[in-house]
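What follows is a single structure, written as structure tokens, with notes after it.
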There are 2 protein chains.
Amino acid sequence: MRPETNHTVGIVDDHSLFARSLEKLINSFPHFQVIFHAKNGLHLQEKIEDSNVLPEIILLDINMPVMDGFETAEWLTRHHPEIKVLALSMQDDEHTILKMLRRGVKGYLLKDIHPEILNTALKELSEKGYYHSQKVSETLLHSLTPDEEGRIFDFKENELTFIKLACSELTYKEIAVMMDLSPKTIDGYRQDLFKRLKIKNRVGLVIFALKRNLIQL
Amino acid sequence: MRPETNHTVGIVDDHSLFARSLEKLINSFPHFQVIFHAKNGLHLQEKIEDSNVLPEIILLDINMPVMDGFETAEWLTRHHPEIKVLALSMQDDEHTILKMLRRGVKGYLLKDIHPEILNTALKELSEKGYYHSQKVSETLLHSLTPDEEGRIFDFKENELTFIKLACSELTYKEIAVMMDLSPKTIDGYRQDLFKRLKIKNRVGLVIFALKRNLIQL
DNA sequence: TACGGAAAGGGGATTTTCCCTGTTTATTCG
DNA sequence: CGAATAAACAGGGAAAATCCCCTTTCCGTA
């Protein structure tokens with residue numbers, strides 16, 4: 001990172017007062033410079049599509065009218081994946097964080113953090129490509145090991161095997177052959193599981209297995 | 001964290017020379033003390049099940065005969081989820097890391113790291129509950145936003161809606177009603193998608209959608 | 001011996017899957 | 001402009017798979 005080079009930053013936030021002060025703050029950091037604002041996702045698209053300048057980093061508010069942070073993040077990673085997006089939000093619930101991370105966001109900050117943290121985040125973002133606050137790290141970890149609220153169900157070996165095989169394009173008949181059992185026995189497993197798990201069909205079983213981490217893609 | 005309290009550590013590694021030196025190293029850190037070794041997962045189970053002492057932290061090697069790190073991690077999170085497991089390994093490929101993290105491991109270190117990093121990791125582990133090296137953070141982030149190698153497929157609005165609805169327990173007839181289309185049209189979508197995506201049945205479609213992040217659970 | 005479970009079968013309704021045809025609506029091109 | 005072409009939408013018909021309920025057999029064990 002050459003010290004004389006400034007990293008360019010774009011801000012997307014409908015709250016112009018906040019955006020202005022954010023710009024001042026960022027310009028006061030060494031090596032970072034705000035090059036534009038946008039009021040929302042649509043506005044951002046226009047800005048990007050006629051002026052050909054792309055910022056390296058975009059600070060993206062989530063709550064916006066017209067085209068919110070989720071849609072905007074999706075569009076950005078689809079059309080300009082090289083831009084590092086840092087989400088800014090008031091909410092810090094895991095679900096929102098994950099939703100943004102899944103859309104390719106490289107970091108997630110609460111709006112009321114200390115300026116110094118924003119500086120750190122920007123620096124890490126341009127050096128390492130991402131910034132993970134403690135909350136984000138925990139959320140990420142958590143997303144892999146869901147709470148398994150219902151460890152109520154414990155499956156027997158055969159049931160587990162069946163479930164795993166059912167989460168594929170195999171036919172029940174084929175599964176029966178693989179498990180060396182009669183198709184009727186397999187049908188028995190199926191029926192029993194459907195009842196216990198209160199599901200209606202095989203797709204329901206797949207969804208269940210995925211939610212409980214019984215299988216992984 | 002009371003300074004007079006030592007954090008207890010267990011080591012699971014079949015390589016006794018390495019385990020010994022690791023123990024010495026850890027005992028030299030302030031506030032950490034190794035209370036036992038195990039040669040592999042089975043050995044660990046025995047140790048835990050008759051002696052009633054549980055360590056706060058377990059350093060777990062992955063490559064072991066008899067019962068390897070994966071199985072052991074699975075067993076530990078299932079039976080003693082309060083123990084913080086730190087995986088130790090020679091490999092640093094994303095797949096292995098994810099496999100361990102999915103099994104509830106709280107950190108992942110390469111065996112050839114600097115002792116000071118191990119100290120940091122242990123401290124973070126007992127304070128925050130996890131330790132994420134840069135590699136682990138990147139892997140976690142990566143796991144949410146897969147490469148989408150096949151952005152080849154671009155789906156029309158209706159197809160996408162159909163896919164999403166097909167990843168549920170709805171029947172095609174019900175989906176038709178919801179999309180305000182004839183069941184036959186829905187069947188057309190289905191058939192077309194099966195051909196394009198080279199899948200055999202609805203489960204295949206669900207798997208596809210999940211792999212490409214078209215839906216989220 | 002009685003009981004409970006796991007495995008297996010019979011039979012039938014529903015859904016899924018597949019192939020072909022036709023109709024309407026845009027879109028492109030001569 | 002008008003004809004050709006592509007596409008989205010819709011239907012018929014049939015085989016295969018899924019889903020559901022009920023019964024039987026076998027085996028281990030309380």
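Per chain, numbering begins at 1; letters A, B, ... match sequence-line order. Note that these values count all heavy atoms, side chains included, but never hydrogens, waters or copies made by symmetry.
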Any donor-acceptor N or O pair under 3.5 Å, side chains His7(B), Gln33(B): no

Can you sort out the partners of Glu124(A) under salt bridge (charged side-chain N to carboxylate O under 4.0 Å, His left out), two or more places apart, ordered by chain and number? Lys128(A)

Qualifying residues under salt bridge (charged side-chain N to carboxylate O under 4.0 Å, His left out), relative to Glu138(A), sequence neighbours excluded: none

Grab the CZ-C1' distance between Phe194(B) and dA16(D) for me, whole Å please. 13 Å

Taking CD from Glu174(B) and C1' from dT16(C), how many angstroms apart are they, rounded to a whole number? 14 Å

Other residues, nucleotides and ligands only: do more than 12 of their heavy atoms fall within 6.0 Å of CD on Glu157(B)? no

Figure out the CD/C1' separation between Gln191(A) and dC21(D), and round it to whole Å. 7 Å

Among dC18(C), dT16(C), dT18(D), the nucleotide that comes nearest once only the side chain of Thr171(A) is considered: dT18(D)

Can you see if the side chain of Arg202(B) gets near the phosphate of dA17(D) - specifically, an N or O under 4.0 Å from OP1 or OP2? no

Around Lys47(B), counting heavy atoms of other residues, nucleotides and ligands shown, do more than 12 lie under 6.0 Å from its NZ? yes

Can you give each donor-acceptor pair under 3.5 Å made by side-chain atoms of residues 192-199 of chain A, sequence neighbours left out, with the distance rounded to 0.1 Å?
{"from": "Arg196(A)", "atom 1": "NH2", "to": "Glu159(A)", "atom 2": "OE1", "distance (Å)": "2.9"}
{"from": "Arg196(A)", "atom 1": "NH2", "to": "Glu159(A)", "atom 2": "OE2", "distance (Å)": "2.3"}

For the pair made of CG in Leu197(A) and P in dC20(D), what is the distance, rounded to whole Å? 13 Å

Which parts of nucleotides 5-14 of chain C does protein reach within less than 4.0 Å, heavy atoms only, written one letter per nucleotide 5' to 3' as B for base, S for sugar-phosphate only and - for none? -SSBBBB---

Taking atom CG of Asp180(B) as the centre, does the number of heavy atoms from other residues, nucleotides or ligands within less than 6.0 Å exceed 12? no

Here the distance between atom C1' of dA17(D) and atom OH of Tyr172(A), to the nearest Å, is 9 Å

Rounded to whole Å, CG of Leu165(B) lies from C1' of dT16(C) at a distance of 17 Å

Could you state the atom-to-atom distance from CG of Asn201(A) to C1' of dA17(D) in whole Å? 13 Å

Would you say NE2 of His80(A) has more than 12 non-hydrogen atoms from neighbouring residues, nucleotides or ligands within 6.0 angstrom? yes

Tell me: CD of Glu157(B) to P of dC9(D), nearest whole Å? 12 Å

Between protein and nucleic acid, restricted to nucleotides 24-27 of chain C and to nitrogen or oxygen atoms under 3.5 Å apart, what atom pairs and distances do you find?
none

Show the atom names and distances, to 0.1 Å, of all donor-acceptor pairs under 3.5 Å that link a side chain in residues 103-112 of chain B to residues at least two apart or in another chain.
{"from": "Arg103(B)", "atom 1": "NE", "to": "Glu74(B)", "atom 2": "OE1", "distance (Å)": "3.3"}
{"from": "Arg103(B)", "atom 1": "NH1", "to": "Lys99(B)", "atom 2": "O", "distance (Å)": "2.9"}
{"from": "Lys106(B)", "atom 1": "NZ", "to": "Gly104(B)", "atom 2": "O", "distance (Å)": "3.2"}
{"from": "Tyr108(B)", "atom 1": "OH", "to": "Ser89(B)", "atom 2": "OG", "distance (Å)": "3.3"}
{"from": "Tyr108(B)", "atom 1": "OH", "to": "Gln91(B)", "atom 2": "O", "distance (Å)": "2.9"}
{"from": "Lys111(B)", "atom 1": "NZ", "to": "Asp13(B)", "atom 2": "OD2", "distance (Å)": "3.1"}
{"from": "Lys111(B)", "atom 1": "NZ", "to": "Asp61(B)", "atom 2": "OD1", "distance (Å)": "3.2"}

